[in-house]
2 protein chains.
Amino acid sequence: MSDVAFPRLDTRVLADDGNELRFCSTCAFSQACLDQGMDKAALGELHVLVEHVGPFRAGDHIFREGDPFEAIAAVRAGTVKTYVVDRDGHEHVHGFHLPGEVIGLNAIDGDRYPCNAIALDTVMLCRFSFPKISVLATRLPGLQRQLFRLLSRDIGRAALLAGDWSADQRMAAFLVGISRRLAARGFSATRFQLTMPRTDIANYLRLAPETVSRVLRRLQEDGILSVERRELELLQPDRLEALAAPILRD
Amino acid sequence: MSDVAFPRLDTRVLADDGNELRFCSTCAFSQACLDQGMDKAALGELHVLVEHVGPFRAGDHIFREGDPFEAIAAVRAGTVKTYVVDRDGHEHVHGFHLPGEVIGLNAIDGDRYPCNAIALDTVMLCRFSFPKISVLATRLPGLQRQLFRLLSRDIGRAALLAGDWSADQRMAAFLVGISRRLAARGFSATRFQLTMPRTDIANYLRLAPETVSRVLRRLQEDGILSVERRELELLQPDRLEALAAPILRD
DNA sequence: TAGGCGCCTTGACTTGAGTCAATCTCTGAC
DNA sequence: GTCAGAGATTGACTCAAGTCAAGGCGCCTA
């Protein structure tokens, strides 16, 4: 997947020495650090820590449960699914990570990845050695602050779907969540692809795949959205948001 | 609630100047920092940041949703419940925090507390100004590491109950969790008080209070535990752990 | 173009947990 | 000691979502 497909994912900063630093702005770190007014020298230091890895193909594992934890990574392109497999062989999907989002934060405590991460399509990553970024964070308060924020945000996110919501509410919250996250990175908020199979959506939402199917049909019959295989269009985002409001709390 | 009631909650460290530093070892920070071999000078710096607050009485709020975030706190004694109230007036319990556990971490991102915290019984806290502890963390890598770990741990914890587990499994996981957390602080793993009403347990586990009642009765009939109002004894902890195993993943 | 294979959808039936309503049991106030 | 009220328990009924089974659709390969 070439850079050309994602023209808005790059940010240029003119360094003091006149050279141009180029960041993929999907990296939550660099973008957010920029937003927080981190100075150019600091950005330069962060820059040299980034290791661009990929492409991973659909089905490739990025890390597996039990692997020693060494790095966190920002998704640059594609979708990453994190999941665990219980002793009965059942898969439990923890989340989907879209461009700009960070994976591996839940591995800091324990020194090993507590889950698997797999590419759902062609995935590019920005990898940051955690020991190195920790050391850097002791010198750059803005970076430390950003790391604390990212971690704190994930605590809240994990709690959202834990409630006893109806199948419709769960699906609505899922779709609104994806829509907003894509929009935050400059993609369309109303037309997008579901990059994961129905079984994964069902598993993530703790529903049966049949229920996912039925809920999507209902939403389509109500004129709220239009769905054709994995192609999705939100026709009445406001009604979907209304459904999701109790979960998303806004 | 006097210190005398909790003889094992204090740790003494002889500082280089010969003075004795006294920590409440329930403070996840100081205890864990000790465990990680943080040096005495660093512990001393941490020490002066601690602000002991309380007692809070049952029903007192420690913070409310929307309050400006200023500090995180370790529970020193008692039980703290965190919860939100949705627009329909329904309460959603996020968690119960026992001695040694830290509250407020999910407020770092957003600068305001995203939930309410209320004392379920008599509560004592160790409060740490977050701006100050952040600054200190830039000088003490062990402290920064500990903060990252605490945050990371909470991400994993929030994900546990999110699965679609049966009422029995949820209840088992809840009781095993409390048992282990109390044992880690030196309390009995098999006899303890449920410091919260059934309605709060039900709400936390996303069950109806009636279901909580029925599940406890079933577990008692099976000889797994004995429960009398809020007094609880685990008679066959191994069978309870077996029930909870799929959730706790161990 | 035919065949095979995932993935998805649909319908019929089942069930675990919620809801509603009645009763019980502590506890604390007077 | 008695009463009131909150919290907890129990039973009867309901329903949302799961399970099971069958069939459809799109896509890849030969």
Side-chain angles (χ1 to χ4, degrees), chain A residues 57-59 79 81 88-93 118 120-121 161-175 193-222 225-232 243 246-247, chain B residues 57-59 79 81 88-93 118 120-121 161-175 193-222 225-232 243 246-247:
Chain A
R57 302 277 157 206
T79 312
K81 174 179 87 171
D88 302 331
H90 296 126
E91 187 172 310
H92 297 254
V93 176
I118 194 172
L120 288 179
D121 46 17
L161 275 175
D164 61 339
W165 312 106
S166 73
D168 293 44
Q169 288 175 313
R170 282 171 192 277
M171 179 59 72
F174 173 67
L175 294 177
Q193 267 214 20
L194 298 173
T195 48
M196 66 296 288
R198 297 284 192 274
T199 48
D200 281 347
I201 299 177
N203 193 313
Y204 174 63
L205 297 177
R206 317 301 165 190
L207 299 171
E210 294 92 333
T211 305
V212 168
S213 206
R214 285 188 254 261
V215 169
L216 283 176
R217 176 159 54 87
R218 254 199 315 268
L219 293 175
Q220 185 159 32
E221 284 167 1
D222 289 352
L225 54 77
S226 155
V227 59
E228 169 85 32
R229 271 184 88 63
R230 298 197 180 176
E231 220 57 54
L232 196 131
L243 256 176
I247 302 188
Chain B
R57 301 279 159 205
T79 311
K81 174 180 88 171
D88 302 331
H90 296 126
E91 189 172 310
H92 297 254
V93 175
I118 193 172
L120 288 179
D121 46 17
L161 274 175
D164 61 340
W165 312 105
S166 73
D168 293 45
Q169 288 175 313
R170 281 171 192 277
M171 179 58 71
F174 172 67
L175 294 177
Q193 269 213 21
L194 298 173
T195 49
M196 65 296 287
R198 297 284 193 273
T199 48
D200 281 347
I201 299 178
N203 193 313
Y204 174 63
L205 297 177
R206 318 300 166 192
L207 300 171
E210 294 92 332
T211 304
V212 167
S213 207
R214 286 187 253 262
V215 169
L216 283 176
R217 176 160 54 87
R218 253 197 315 267
L219 293 175
Q220 184 159 33
E221 284 167 1
D222 290 352
L225 54 77
S226 155
V227 59
E228 169 85 31
R229 274 186 84 66
R230 299 199 180 175
E231 221 56 54
L232 196 130
L243 256 176
I247 302 187

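Both backbone and side-chain heavy atoms feed into the values below; hydrogens, waters and symmetry mates do not. Just so we're on the same page: letters track the sequence lines, and every chain starts at 1. Just so we're clear, the structure is a prediction, and the values are computed from it rather than from any experiment.
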- Task: Round to the nearest Å and state the distance from B:Gln169 atom CD to C:dG16 atom C1'.
- Result: 12 Å
- Can you find a heavy atom in the side chain of A:Tyr204 that is under 4.5 Å from one in the side chain of A:Leu161? yes
- Task: State the CG-CG distance between A:Leu207 and A:Asp168, to the nearest 0.5 angstrom.
- Result: 9.5 Å
- Query: B:Thr211 side chain N/O closer than 4.0 Å to the phosphate oxygens (OP1, OP2) of C:dG18?
  - Reply: yes
- Message: Could you tell me how far apart B:Glu210 (CD) and C:dT23 (P) are, to the nearest whole angstrom?
- Response: 16 Å
- Note on the structure: A:His90 atom NE2 is separated from D:dG18 atom C1', nearest whole Å, by 13 Å
- Query: Checking all strands, does A:Arg170 fall into the base, sugar-phosphate, or nothing category for heavy-atom contacts under 4.0 angstrom?
  - Reply: nothing
- Side chain of A:Arg217 - closest among D:dA12, C:dG11, D:dA8: C:dG11
- Rounded distance (Å) that lies between atom P of C:dC8 and atom CG of A:Leu207: 15 Å
- Starting from the 5' end of DNA chain D, give me the residue, B:Arg214 or B:Thr199, whose nearest nucleotide shows up first. B:Thr199
- Verdict with reasoning, A:Arg214 to A:Glu210, per salt bridge (charged side-chain N to carboxylate O under 4.0 Å, His left out): CA-CA 6 Å; A:Arg214 285 188 254 261; A:Glu210 294 92 333; 5.5 Å; no
- Rounded off to whole Å, could you give me the CD-to-P distance for the A:Glu221 and C:dT9 pair? 12 Å
- Query: How close or far is atom C1' of D:dT19 from atom CG of B:Asp164, stated in whole angstroms?
  - Reply: 13 Å
- Item | Nearest-angstrom distance from the residue atom CG of A:Asp200 to C1' of C:dC8 | 14 Å
- Query: To the nearest Å, how far apart are B:Glu231 CD and D:dG7 C1'?
  - Reply: 16 Å
- Task: Would you state whether a donor and an acceptor, one from the side chain of B:Glu228 and one from the base of C:dC26, lie under 3.5 Å apart?
- Result: no
Identify each atom pair where a protein N or O and an N or O of nucleotides 5-7 of chain C are less than 3.5 Å apart, giving names and distance.
none

